[in-house]
There are 2 protein chains.
Amino acid sequence: MTGPASGEASKADLVHRQLKEEIELGELAPGTPLSELWLVERTGASRTPVREALRRLAAEGLVDLVPRQGARVSRVSLQSVRDLFDFRSLLEPAAIRQATEAATGDPELRRVFATMRSEFARTVRRVPSQARSRAFYELADRFDWAIIGATRNEHLRRTISELRPHTARLRNLSHVDPQRVEVSVAEHLRMCDALLAGDADEAAAAMAEHLAQSLATIFRNLARGPAEGLDLLG
Amino acid sequence: MTGPASGEASKADLVHRQLKEEIELGELAPGTPLSELWLVERTGASRTPVREALRRLAAEGLVDLVPRQGARVSRVSLQSVRDLFDFRSLLEPAAIRQATEAATGDPELRRVFATMRSEFARTVRRVPSQARSRAFYELADRFDWAIIGATRNEHLRRTISELRPHTARLRNLSHVDPQRVEVSVAEHLRMCDALLAGDADEAAAAMAEHLAQSLATIFRNLARGPAEGLDLLG
DNA sequence: TGTATACAAGTTGTATACAGTACCGGCGGC
DNA sequence: GCCGCCGGTACTGTATACAACTTGTATACA
């Protein structure tokens, strides 16, 4: 077999997606060596698509590629976490600003966010605390994607999208803080309210606050508990 | 020959760099089809490194890659220009802000920018207007790189760097406006002064103003003159 | 014992052969 | 005359063979 069928995904796409997911979930821990031959055995594809997948992951920053030496799952340092959140704090407030403006003139989009707002509220009220964090993160993901989707600027959209796997990985590598979920729901409600009210400044401020709180929580947890899979370099 | 010598660049790197430069300079016009075989003939490398170079260029947005169809030099629309400058207006003020803060505590860095400031001033005073625009753009490039280099945040640095080829290409595809150069020098002087004075807000404002003026000039020129190599879709 | 060197294993970088698809032309039917 | 079918061509996607480099280890030597 050599060519992929008509509209289907190429093997390079499949390998790329699989590895990306495994890195996100932490199944492939930071620092894990990724030999091309090993991935060939593992995925069933040949070296060419494996190579392409690795290069793509390297471009996204999920893999560190040393020229004549090989690839490893990229490591996570305190500095990299700071950098990530600083950068998100620059981009995502701008994105929610654009989304707010887009929603102002688009009833359909408003409905989407209104629905999400009620879902956030329900998450706090009705979902048992056991399953709450999972439900919340799923919902928060959808919220983020809705923001991204409502972002007009192509570059902004792409750049934020490429940051998401890093954020997700960070969440999966560290422990979930149940208390954090409660507060984070409130932050999302604030964002929804501002967005639905058409108040772009307030929405942006709410997003900035949300990111600052997320970062603070991560750092608190790291200082307290063990840093599973994290390198404490910075 | 198969492996690259010790510290040398791989063929994929070479092809990538060569194509990037040709696209930047406009020698490969937007929309030009880039068949792998054609590039093999043209560069002397085999398909594997050529493929890798194409994928990399696609990731940078310099090439449009249609799955079973091939690659073309990416097209430039009015919308893409707007998007590019809107995005730069988000990133680069933040970058010069960081650079300003970095320079405050780093005499060596201050010296670099001080030197550049005087070079900008000299460009206006002494360089004959014939060679002025070339000298100016070279200097402006160095200025931009200095800003990028002084940027602490890894993501910010990388993202701005990836935007630069697009900006450069735009400049090379459109006609240079000698009047614009005069004004742009003044804008750069303002940025230098603010940076050296340690006034991050003013530096950021100056950068925003500079970008807005650049965009306005481009649009004015496009409305007036012919749009060489540009698709007027947006 | 410490250092330098040669060897071996494993890895990536590259070239190339093969398989399957999309596009383009001409031809026949309606 | 127009539309749909069909083959040829050129291309991409994939697999694999080969060459060169890097690293680690064992050995010889000072």
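The model shown is predicted, which means the values in this text are computed figures rather than measured ones. Chain naming here is simple, since letters A, B, ... match the order of the sequence lines and numbering starts at 1 in each.
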Going by number, which of residues 32-45 of chain B have a non-hydrogen atom under 4.0 Å from DNA chain C?
B:Ala45
Within residues 48-60 of chain A, find the residues that approach DNA chain C with a heavy atom at under 4.0 Å, and present them sorted by residue number.
A:Arg51, A:Arg55
Pairwise N/O distances under 3.5 Å, protein to nucleotides 5-8 of chain C:
none

[X]: what forms a side chain to side chain donor-acceptor pair (under 3.5 Å) with it, not counting sequence neighbours?
X: A:Arg51; answer: A:Glu36
X: A:Ser89; answer: none
X: A:Asp177; answer: none
X: A:Arg164; answer: A:Asp141, A:Asp144

Any ring-ring contact (aromatic ring centres under 6.0 Å, His included) pairs touching residues 12-47 of chain A, not counting sequence neighbours?
none
Contact list for residues 68-112 of chain A, test ring-ring contact (aromatic ring centres under 6.0 Å, His included), sequence neighbours left out:
A:Phe87-B:His155
Sequence neighbours excluded, which residues qualify as side-chain contact (heavy atoms from CB on, under 4.5 Å) partners of B:His210?
B:Arg180, B:Ser184, B:Glu187, B:His188, B:Met191, B:Met207, B:Ser214
Tabulated below should be each protein N or O lying under 3.5 Å from an N or O of nucleotides 7-10 of chain D; please produce it.
none

Stem segments of DNA chain D by first residue number [Watson-Crick or G-U, under 3.5 Å, at least 3]
C:1-30 with D:1-30
